[in-house]
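First the structure, in the form of structure tokens, and then the observations on it.
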2 protein chains.
Amino acid sequence: MKANKEITIYDIAEKLKYAPSTISRALNDHPSISKNTTLLIKKVAKEMGYRPNSLAASLRNNRSKTIGIMISRINRPFVSSLISGVEETARKSGYNVIISQSNDKYENEVINAQTLYNSRISGLIVSLSMETRKLDHLRPFINQGIPIVFVDRVPDMADAHKVIIDNYTAGYRAAEHLIEQGCTRIAHFAGAQHRNVYSERKKGYMDALKDHNLKADKDFIITFESLSFEEGEKATKKLLDLPIPPDGIFAANDTTAVSAIMYAKKRGIKIPDELAVIGFNDDPIASIVEPALSTVIHPAIKMGQLSAKRILQHAVEKDEEVLFETSILPTELCIRNSSLKNK
Amino acid sequence: MKANKEITIYDIAEKLKYAPSTISRALNDHPSISKNTTLLIKKVAKEMGYRPNSLAASLRNNRSKTIGIMISRINRPFVSSLISGVEETARKSGYNVIISQSNDKYENEVINAQTLYNSRISGLIVSLSMETRKLDHLRPFINQGIPIVFVDRVPDMADAHKVIIDNYTAGYRAAEHLIEQGCTRIAHFAGAQHRNVYSERKKGYMDALKDHNLKADKDFIITFESLSFEEGEKATKKLLDLPIPPDGIFAANDTTAVSAIMYAKKRGIKIPDELAVIGFNDDPIASIVEPALSTVIHPAIKMGQLSAKRILQHAVEKDEEVLFETSILPTELCIRNSSLKNK
DNA sequence: TATAAAAACGCAACCGATTGCATCAAATAT
DNA sequence: ATATTTGATGCAATCGGTTGCGTTTTTATA
């Protein structure tokens, strides 16, 4: 439990009668240090149990090899997979990953941004909280040239990297699928409309109906606060209590889709024949519920990996022309039995 | 995109004609600075847009306000909830959280430990990888007096903090519950036996059987590699193909328990009457599968919170007598329909 | 009023690595 | 043999706070 003294490059320098600068360069494979010296220094460093102090290095270049992530909540399948992708990619390049949850509250997001900024992260990956409408809290990063990658829940602003899926098309195809299955009265569980992911899914749904000459009944579109299981049950009840209930539901997430299936079943509704359901995300519960939930596969891990790569490429091509890229990753319709009618 | 100059305490010092040390002290509410001065300095600091550089501070005290976490994989319900608890608690005290995944490989865990060490984290929270058997990679932390908290998947060593559940009792009660439901041939899906969580659950199961004069059939105990869904299906098939199949299964996690239910149902087995099933963890899928899975509620978030607290208390009572605490959190049997027989 | 005590603040040395520029030696060119 | 490159290494400033100790100013005490 005693605090052993830490070995620094100065200790190595003294022992080897080299200057600290030489030690530093050798350890970083600087070309102006001879091969032999480099080898020797590295060997001795290892023998002495030297461990680089990344803090010192970070202070010097005013940037820690760290990527910050701001998300709503970690313990959701999509989010944790996203983070997993980020971490994996970042670590391969020797970067640490700091996480911070907003719990979908704007206030927290602001505080977290500040803390992350103060830790001199070299890049920030953000999936906006449900509440967030202003982005002033991200200004400091932009001013300092710290790259930001928005992922999934992104803002409108053009001057930033984005990693997203084509929510519109996904929504369109999900709705279209239900239409193809013979549904004519299709409801939609929508999320907060100021978040791109939900507004676009809804737009896709609307257009799919229109293109197939179906009208989107006002009563059939329910906008959720948080897309929770409980909300889903309530909404489903509301729908089923309508004089003419829907025969299909496209839910903006799997949680509410599953709640719809389970609630409808309780009411004796046959899934999918009387009510076809399709969700979004492909959470684990989607393949467990019976009938298994059709859904849109959301490439969470890949989105994380790509986001991290965007940050990392800034570190390498520093000062290069930075052009902001928007990457749109493909989704996949995963048709299971909750929407597949026997014809 | 231009890099605005950062405001430092020196800038404030110059403007206010104070010494940098005074600025530093004021910003940290040091008692030896007068109330008025402190107020003034804070006000001006804010006006100037000062943002503390935590790197510099960290370097000076050789300790960044950061907690490191080493876990197997983030995107699992238990783990992400655990992290969520850690993050939440840490952030309240102004600490960052760095995560690193081992993917259950020892090699990764070693590398991650090194990286975290080099970042001068002020504490480490570890849930051991499935492979890990040696702990040498954690030595540096111990030597430096950096607190380690083992959580859930912990080693035997006594000189460390631990946050665990009483796996033995949980296993005992899970098995006992099946017995109470009238099961007499109870199988067990076990995890790797060198990990405490799995060996203890098994022990609890064994003892419950013994105490109720049931014998634990060799064929009924299946030890898994990774407790995956696929493994679970295979194991269930194996069990059901036995001349005298079991009438109950206690699975060491929910994933395999659910796979057992789904597979058995496919074979026409009635759950729970012909086969009662109970799992472990209370993952989201547990309440979705039909019949809903009985399980052991694992207080993941609380475990995370408590782990973080253990680390934080070191920061406060530094140099105090450090005694290692093992916290055993309560679990709860959650009985659902997968094991509840109508009598 | 003189003096001790407390309060408020300044000085300067850190923490450990990085890096532009200077230096010196060896190698190559003239 | 001398001038010029090239290669290898050292010097010293720097990043931005923190903190032990010394100094000055103010307040309290004798």
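Residue numbering restarts at 1 for every chain, and letters A, B, ... go by the order of the sequence lines.
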**Report entry** Residue pair B:E87 / A:S100, side-chain donor-acceptor N/O under 3.5 Å
**Finding:**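 No.
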Report task. Ignoring hydrogens and angles, state whether a donor on the side chain of A:T66 or A:R120 is under 3.5 Å from an acceptor on the partner side chain. Result ->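 Judged by distance alone, the side chains do not pair up.
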[X] versus [Y], closest heavy-atom pair with distance:
X      : Y      : answer
A:D152 : A:N196 : O-ND2, 3.1 Å
B:S129 : B:Y106 : OG-N, 3.8 Å
B:L16  : B:I41  : CD2-CG1, 3.9 Å
A:A26  : A:K42  : O-CE, 3.7 Å

Would you kindly give the [atom1]-to-[atom2] distance between [X] and [N], to the nearest whole Å?
X     : N      : atom1 : atom2 : result
A:K65 : C:dA17 : NZ    : P     : 15 Å
B:H30 : C:dA7  : NE2   : P     : 13 Å
A:D29 : C:dT18 : CG    : P     : 12 Å
B:I23 : D:dT19 : CD1   : C1'   : 15 Å
B:R63 : C:dG16 : CZ    : P     : 14 Å
A:E14 : D:dG10 : CD    : P     : 14 Å
A:N36 : C:dA26 : CG    : C1'   : 15 Å
B:I33 : D:dT25 : CD1   : C1'   : 14 Å

So which protein N/O to nucleotides 14-18 of chain D N/O distances come out below 3.5 Å?
residue	atom	partner	partner atom	Å
D:dT14	O2	A:R60	NH1	3.0
D:dG16	N2	B:A56	O	3.2
D:dG17	OP1	B:Y50	OH	3.2
D:dG17	OP2	B:I9	N	2.8
D:dG17	O5'	B:Y50	OH	2.9
D:dG17	N7	B:Y10	OH	2.6
D:dG17	O6	B:Y10	OH	3.1
D:dT18	OP2	B:S24	OG	2.9
D:dT18	OP2	B:N28	ND2	3.0
D:dT18	O2	B:R60	NH1	2.3

Pick base, sugar-phosphate or nothing for [X], based on heavy-atom distances below 4.0 Å to the nucleic acid.
X     : value
B:K35 : nothing
A:S32 : base
A:S58 : nothing
A:S54 : nothing

Are [X] and [N] close enough that a side-chain N or O sits under 4.0 Å from OP1 or OP2?
X     : N      : answer
B:T37 : C:dC9  : yes
A:Y18 : D:dG10 : no
B:T22 : C:dG10 : yes

Requested in this report: State whether the side chain of B:R153 and the backbone N or O of B:L128 hold a donor-acceptor pair below 3.5 Å, judged by distance alone.
Outcome: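 Between the backbone of B:L128 and the side chain of B:R153 there is a qualifying donor-acceptor contact (under 3.5 Å).
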